[in-house]
Amino acid sequence: MLQKLLDKGAGDDAEYGGDLSNHLPMALVALKRLGASDTRLAAFARSYRRQKKLPAAPPAAAWPAGEAWASHFGDRSAWPAYRALFAQWLVIEGGAAVVTQALPALMPGCGAAAFHGLIRTAYALQVGHAGELADGLAYWACRHLRFGERPQGRQADPAKLLGELVAAFADQPPVRSRLILERMLAAASAPSTAPTFARITQRLKVSDTTLAMLARQAAEVYAGSGNFTALHLVTSAHALRVILPLANEPLDAVGDYWVAYAAGVLASKVALDKLDAAPEPLPWPELVAAAVASDDDHLIKIVDSCREEERAYGGDDWQRAATRAVSAA
């Protein structure tokens with residue numbers, strides 16, 4: 001059933017409602033991993049399409065002959081051509097090889113569309129659906145956007161740098177936008193803020209433990225705030241952990257992610273030193289049952305990501321974050 005629903009999803013556009021990411025394929029994979037029945041998967045797909053009024057995918061387009069594959073990065077209109085390019089590439093090379101080859105170019109733009117290219121690609125990899133993997137990679141490419149250069153510093157603790165960053169931007173007025181991306185851009189790329197953002201983020205020294213530290217901090221921030229942007233830091237950290245074994249230079253990939261992650265922290269406007277007390281964790285069976293019964297795609301995804309991250313890293317941070325999501329639903 002999951003494979004059939006993902007096949008059908010090829011007829012949907014990557015976005016709806018004015019630049020909002022189509023979460024249907026990601027939520028379906030998460031639901032399946034959480035134990036949803038075929039009946040529930042089909043019902044969720046019907047409900048999501050009805051609620052979001054998903055537009056049909058644009059007409060197919062061939063990749064321009066002779067053009068470098070990264071030449072249309074950040075061009076939303078290039079999604080159909082990128083779909084064709086990646087579909088052909090996957091037939092020739094296979095999923096793991098294509099991701100390995102594409103990651104060095106894609107990772108610097110991993111924060112675009114609020115990390116959804118990265119997240120969609122990771123889910124597609126896990127379920128082994130070639131069409132969905134092509135679509136996820138295509139979405140990542142056509143929304144590709146850099147937030148800064150990879151860090152080359154000596155500070156090993158990202159939490160200290162994030163504290164400095166939040167303090168430095170404390171007086172910046174909030175950006176009134178429903179899009180996380182626009183708030184991230186305002187923090188990282190505006191002329192008045194970009195030098196400070198770069199100066200602080202460049203000081204990180206990336207190591208084998210950096211991603212785990214970022215993932216755990218994201219869970220702590222979400223558990224203590226319920227912030228919608230912080231939710232995407234939790235799910236994107238999970239996605240990168242899934243993809244990272246395919247990276248030839250994993251520390252470079254984490255460094256690229258760090259820059260976008262820092263922009264996401266600023267976009268959240270969460271005061272890291274004033275978080276609420278994390279909720280007492282509900283049992284996992286209760287959290288999973290709530291997610292499977294829900295029509296909220298973000299709730300489904302964060303419960304799935306938190307359970308997977310706990311399996312990888314241990315600790316109750318993830319259970320508390322999932323509890324925050326379920327309690328707020």
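- Proximity of L181 to F147: side-chain heavy atoms (C-beta onward) are separated by under 4.5 Å at one or more points.
- With rounding to the nearest 0.5 angstrom, the CE atom of M107 is 11.0 Å from the CZ atom of R146.
- For E149 (side chain) and Q202 (main-chain N/O), no donor-acceptor pair under 3.5 Å exists by modelled atom type.
- None of K52, R83, K53, R76 except one satisfies the salt bridge (Lys or Arg N to Asp or Glu O under 4.0 Å) rule with D13; the exception is R76.
- Salt-bridge check for R307 with E310: failed, with every basic side-chain N at 4.0 Å or more from each acidic carboxylate O.
- In terms of heavy atoms, A81 sits closest to A62 at CB-O, 3.8 Å.
- Using a 3.5 Å distance cut-off with no hydrogens or angles, the side chains of W79 and E15 do not pair a donor with an acceptor.
- Listed by chain and number, the residues in a side chain to side chain contact (heavy atoms under 4.5 Å, CB included) with A168 are T196, I200 (sequence neighbours excluded).
- A325 and I302 make their closest contact through CB-CG2, 3.6 Å (heavy atoms, listed as atom of the first residue, atom of the second, distance).
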Under the salt bridge (Lys or Arg N to Asp or Glu O under 4.0 Å) criterion, do R120 and E132 qualify, and how do the steps go?
-> CA-CA 8 Å; R120 187 168 177 176; E132 176 56 21; 2.5 Å; yes
Report the C-alpha separation of Y261 and F115 in whole Å, then their side-chain angles, then the decisive distance to 0.1 Å, and conclude whether the ring pair (Phe, Tyr, Trp, His ring centres under 6.0 Å) test is met.
-> CA-CA 9 Å; Y261 180 104; F115 301 97; 7.7 Å; no
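- Between the side chain of H144 and the main chain of A105, a donor-acceptor pair closer than 3.5 Å is present.
- L233 pairs in a side chain to side chain contact (heavy atoms under 4.5 Å, CB included) with only one of the listed residues (N227, V221, L214, V265), which is V265.
- The main-chain N or O of F228 is found under 3.5 Å from a side-chain atom of H232 such that the two form a donor-acceptor pair.
- Across all non-hydrogen atoms, the minimal contact from A219 to A321 is O-CB, 3.7 Å.
- Side chain of T201 to backbone of F197: a donor-acceptor contact under 3.5 angstrom is found.
- Annotation: side chain of F44 is not in contact with side chain of L5 (no heavy-atom distance under 4.5 Å).
- The CG atom of L240 sits 7.0 Å away from atom SG of C110, with the distance rounded to the nearest 0.5 Å.
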Applying side-chain hydrogen bond (donor to acceptor under 3.5 Å, both in side chains), run through E309 and S305 and close with a yes or a no.
-> CA-CA 6 Å; E309 294 289 77; S305 288; over 6 Å; no
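- S225 contributes no side-chain N or O that, together with a main-chain N or O of L275, makes up a donor-acceptor pair within less than 3.5 Å.
- Between the side chains of S37 and T39, no donor-acceptor pair of N or O atoms lies under 3.5 Å.
- Applying the side chain to side chain donor-acceptor pair (under 3.5 Å) test between Q126 and each of R33, E308, K32 identifies R33 as the sole match.
- Side-chain atoms of Y82 come within 3.5 Å of backbone atoms of W69 as a donor-acceptor pair (strictly under, hydrogens ignored).
- With respect to D38 and K4, no salt bridge is recorded, no charged nitrogen being found less than 4.0 Å from a carboxylate O.
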Give the intermediate values and the outcome of side chain to side chain contact (heavy atoms under 4.5 Å, CB included) for residues T323 and L287.
-> CA-CA 7 Å; T323 298; L287 296 170; 3.7 Å; yes
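- Applying the side-chain hydrogen bond (donor to acceptor under 3.5 Å, both in side chains) criterion to H129, with sequence neighbours excluded, gives D7.
- Panel note: side chain Q101, backbone A97; a donor-acceptor pair is recorded below 3.5 Å.
- The two atoms that bring R40 and S294 nearest to each other are NH2-O, 2.5 Å, heavy atoms only.
- In this structure, R50 has no side-chain hydrogen bond (donor to acceptor under 3.5 Å, both in side chains) partners at least two apart in sequence or on a different chain.
- A single hydrophobic cluster is not seen to contain both V259 and M213; linkage of ILVMFWY side chains at heavy-atom distances under 4.5 Å, directly or through other members, places them apart.
- A pairwise comparison of heavy atoms in Q319 and P283 identifies NE2-CA, 3.8 Å as the closest pair.
- Counting only heavy atoms from C-beta outward, the side chains of W318 and R216 approach each other to under 4.5 Å.
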Could you check L251 against D208 for side chain to side chain contact (heavy atoms under 4.5 Å, CB included), going step by step and ending with a plain yes or no?
-> CA-CA 7 Å; L251 296 189; D208 292 339; 3.6 Å; yes
Could you walk me through whether V206 and R150 pass the side chain to side chain contact (heavy atoms under 4.5 Å, CB included) test, one step at a time?
-> CA-CA 10 Å; V206 179; R150 189 179 299 143; 6.0 Å; no
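- The closest donor-acceptor contact from the side chain of W140 to the backbone of L106 lies under 3.5 Å.
- Judged purely by atom type and a 3.5 angstrom limit, T193 uses its side chain to pair as donor or acceptor with the backbone of A186.
- In summary, the side chains of Y123 and D304 do present a donor paired with an acceptor at a separation below 3.5 Å, with no hydrogens or angles considered.
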Candidate pair L85 and H72, rule side chain to side chain contact (heavy atoms under 4.5 Å, CB included), full reasoning | CA-CA 12 Å; L85 172 70; H72 290 272; over 6 Å; no
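- There is a side-chain donor-acceptor pair under 3.5 Å between H23 and H116.
- Taking every heavy atom of both residues into account, W63 and S71 meet most closely at CZ2-OG, 3.8 Å.
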